There are 2 protein chains.
Amino acid sequence: MAVRLQDVAAIAEVSVKTVSNVVNDYRHVRPETRARVQAALVELDYRPNLSARSLRQGRSGVIALAVPTLDMPYFAELAGSVVEAAAQRGWTVLVDQTDGLPDRERAVATGLRGHLIDGLILSPVALEGVELQRTQEDVPLVLLGEKIAGGPVDHVAVDNEAAARAATTHLLDLGRRRVAAIGYQSSADAASGVAALRRRGYEAALAAAGHDVDASLTPEVPGYLRSDGAEAMSALLGLPWPPDAVFCFNDLLALGALRTLADRGLRVPDDVAVIGFDDVEDGRYSVPRLSTVAPAKESIASDAVDMLADRIARRDQVAAREIRVGFDLVPRESTLGRTGQP
Amino acid sequence: MAVRLQDVAAIAEVSVKTVSNVVNDYRHVRPETRARVQAALVELDYRPNLSARSLRQGRSGVIALAVPTLDMPYFAELAGSVVEAAAQRGWTVLVDQTDGLPDRERAVATGLRGHLIDGLILSPVALEGVELQRTQEDVPLVLLGEKIAGGPVDHVAVDNEAAARAATTHLLDLGRRRVAAIGYQSSADAASGVAALRRRGYEAALAAAGHDVDASLTPEVPGYLRSDGAEAMSALLGLPWPPDAVFCFNDLLALGALRTLADRGLRVPDDVAVIGFDDVEDGRYSVPRLSTVAPAKESIASDAVDMLADRIARRDQVAAREIRVGFDLVPRESTLGRTGQP
DNA sequence: CCGCCTCTTTACAACGATGTAAATCCACGT
DNA sequence: ACGTGGATTTACATCGTTGTAAAGAGGCGG
């Protein structure tokens, strides 16, 4: 069966608590005793029962990360970074997929996992800040990637509006006149989310350049997948006066758009320039290489974990905070064309 | 504070055990009592303490999934499917990243997480079957994606050799004469792994067609990332007599190779045909669309979870089994060219 | 040689849930 | 009215660990 402190204690001929003290590096243990216990620990290959420890201490060393889906490279990369950052604190990460469903997000946020987890990092799609008002009974929570309007919840996010504006401005600076946007969503759920913020940045950039928003250039998409981008691009190309540039609200949409452009035999960026958002690995190897806006992903993950650690330690003693991480505009072939190559 | 069975019991004016019985749907509870307890449960918003439950029952309802990294789409997609399949059994998945390091794989396999997890699904890169010999103390284990030679461990895998052979044969059937392979690895760790099996399939296909293996056409790669594929392709194109087709041991390598070919201005498949392995989403939208071998991923995930459930239930009472999942050859533009399009 | 302080070790209770076995209730047949 | 057997409820111990408080062991100044 499993090895318990008691078994080790028997071998080392000390009390259970002394073994516990050795395991936990308690100061006042005679070196000789410590050595004897260590030997017994090794001999029996003791491993603490985390459930018992967690029950006793009220903390488990496990945090949860809830993302819409791991199938999207952005979230997969993010999950990887979070797992990494958590490991550095000795924490383990339990991954939940919400599929962007309000119910699942709510369930997760209100403590789906019983008292198993010490905290939660949630990347919300559907829920608004208000919905996530914390009661003091709930799990410590940090939100990712979305600016919650005044919600009393810690969160880490890039300045979506500014980043979207930078991307759009980049297209305008290249001299493009009909700059479309792929990523608009009108469902109530999405109204306060990433879609709305990036939309605002896009429209602000157009306004600053003296352009009106042309509704036909901002098709709605049901999701943010490659297929959605491909279909939206098809629709745009069916217009009497199609766009000469497209800002896609994430890289997957952009990759889908590139695919459609290739199918139609259009040249990128000559006929249509394309820029995405997220800087996922795929875009660095696509043909053509995808221009994008790169949020500081490593920061997002580590800041979120740090913030959560702080929230766990101080519970309700401190007001909700917001961390803004930086972003970079990364122009590549899909807006600049081939450079320096034959 | 947290709501305990005791608090609910006090409100409902019954014993703690009766509340527990209601929570667990025990048969013999008077409907009237049950109703009263239910009401109290709802009123206090009771949630079981999973640590306590786990301590008492010896099972936690949490399984671990250990993959090299979530950054690789294949593993991300797999993780998503496993989380899904586990959720259907009411299990939660704890994701570990091994980075393909022997130490991490060993640590995970020998029960890194203490008694927190009920079982482990491991996708090994570095470790051989022998290393993973189970002792009865260890966590129930299911291996993914690799045929362990005779190791007494449950595992789920595609027939890598047959699949690799099918991919290679597909290239030969197109009339290609110099078929390269990207994905060879010679490190001892990898000797029994996926690399070796796919290599065997590749060589078998060549042999069946009466070709010799040309060492210059099988460059070694340090990893299985896009960058590795891009570099290997560069090396191949530097040969006096470059290949007219390439079988890449996974889709990322293939996507990297496509990128290099585009940079050199070579046409795919006209100049060089490319086929990958894994059928990740990226390949369906790449330019050109990537031909590949598609393992039955959904089966892999659900079979692994089923197998683990069975292993958990029966522990050592049953011999190690092996589940073979099917695969499909999926020819797309990177070998067939544009079809049906203008 | 005593008392006190520090170092070291220990016994015991507690974390919250559930299995066991025993207690209590109730309806029914005699 | 009484015994029997099933339904229902309960007290208690237990899972493995750690905090608390107290006991035991030495050492030192007075």
Side-chain angles (χ1 to χ4, degrees), chain A residues 1-41 44-62 90 111 113-118 137 139, chain B residues 1-41 44-62 90 111 113-118 137 139:
Chain A
M1 292 293 132
V3 176
R4 299 158 301 152
L5 286 182
Q6 182 149 177
D7 305 320
V8 178
I11 299 264
E13 298 180 293
V14 294
S15 75
V16 171
K17 188 65 215 291
T18 296
V19 181
S20 168
N21 286 338
V22 170
V23 170
N24 294 289
D25 279 324
Y26 179 66
R27 275 182 302 276
H28 303 302
V29 178
R30 212 165 19 138
E32 178 191 313
T33 312
R34 183 183 298 275
R36 196 145 37 90
V37 173
Q38 294 280 21
L41 285 170
L44 297 181
D45 190 25
Y46 169 79
R47 286 156 211 277
N49 181 319
L50 297 190
S51 297
R53 185 177 276 178
S54 154
L55 172 60
R56 183 63 237 250
Q57 309 198 120
R59 296 188 294 105
S60 62
V62 177
R113 298 303 170 207
H115 306 249
L116 186 69
I117 61 174
D118 294 342
E137 324 255 324
V139 185
Chain B
M1 290 298 128
V3 177
R4 299 159 300 151
L5 284 183
Q6 181 149 173
D7 305 318
V8 178
I11 301 263
E13 297 180 295
V14 294
S15 76
V16 172
K17 189 65 216 292
T18 296
V19 181
S20 168
N21 286 338
V22 170
V23 170
N24 293 288
D25 279 323
Y26 179 66
R27 274 182 302 275
H28 304 302
V29 178
R30 214 165 19 139
E32 177 190 311
T33 312
R34 183 183 300 275
R36 197 145 34 89
V37 172
Q38 294 279 20
L41 285 170
L44 296 182
D45 190 26
Y46 169 79
R47 287 156 209 277
N49 181 319
L50 297 191
S51 296
R53 186 177 275 179
S54 155
L55 172 60
R56 183 62 237 248
Q57 308 198 120
R59 295 188 294 105
S60 62
V62 177
R113 298 302 171 206
H115 306 249
L116 185 71
I117 61 173
D118 295 342
E137 325 253 325
V139 185

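On a predicted model such as this, the values are computed, not experimentally measured, just so you know. Just so it is clear: chains get the letters A, B, ... in the order the sequence lines come, proteins before strands, and each one is counted from 1.
Proximity of Leu55(B) to Asn49(A): side-chain heavy atoms (C-beta onward) are separated by under 4.5 Å at one or more points.
For the helix from dC1(C)-dG30(D) to dT30(C)-dA1(D), the axis fitted to the five pairs at one end and the axis fitted to the five pairs at the other end meet at an angle of 60° (nearest 10 degrees).
The CZ atom of Arg30(B) sits 10.0 Å away from atom OG1 of Thr18(B), with the distance rounded to the nearest 0.5 Å. Atoms CG and CG, on Leu5(A) and Leu41(A) in that order, are 8.0 Å from each other to the nearest 0.5 Å. Expressed to the nearest 0.5 Å, how far OG of Ser20(B) lies from CZ of Arg53(B) amounts to 8.0 Å. Rounding to the nearest 0.5 Å places CG of Asp118(A) at 7.0 Å from OG of Ser54(A).
The side-chain hydrogen bond (donor to acceptor under 3.5 Å, both in side chains) check on Arg36(A) picks up nothing, with sequence neighbours excluded. Arg34(B) pairs by the side-chain hydrogen bond (donor to acceptor under 3.5 Å, both in side chains) definition with nothing, not counting sequence neighbours.
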Counting primed atoms, P, OP1 and OP2 as sugar-phosphate and everything else as base, the B/S/- map of nucleotides 8-15 of chain C against protein heavy atoms under 4.0 Å is BBBB-BBB

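Heavy-atom contacts of chain B under 4.0 Å fall on DNA chain D between two terminal nucleotides, which in 5' to 3' order are dA7(D) to dG16(D).
Closest of all the heavy-atom pairs between Val8(B) and Val37(B) is CG1-O, 4.3 Å. Shortest non-hydrogen contact noted between Ala40(B) and Ile11(B) is CB-CG2, 3.9 Å.
For residues 7-22 of chain B, the pairs satisfying salt bridge (Lys or Arg N to Asp or Glu O under 4.0 Å) are Arg4(B)-Asp7(B), with sequence neighbours left out.
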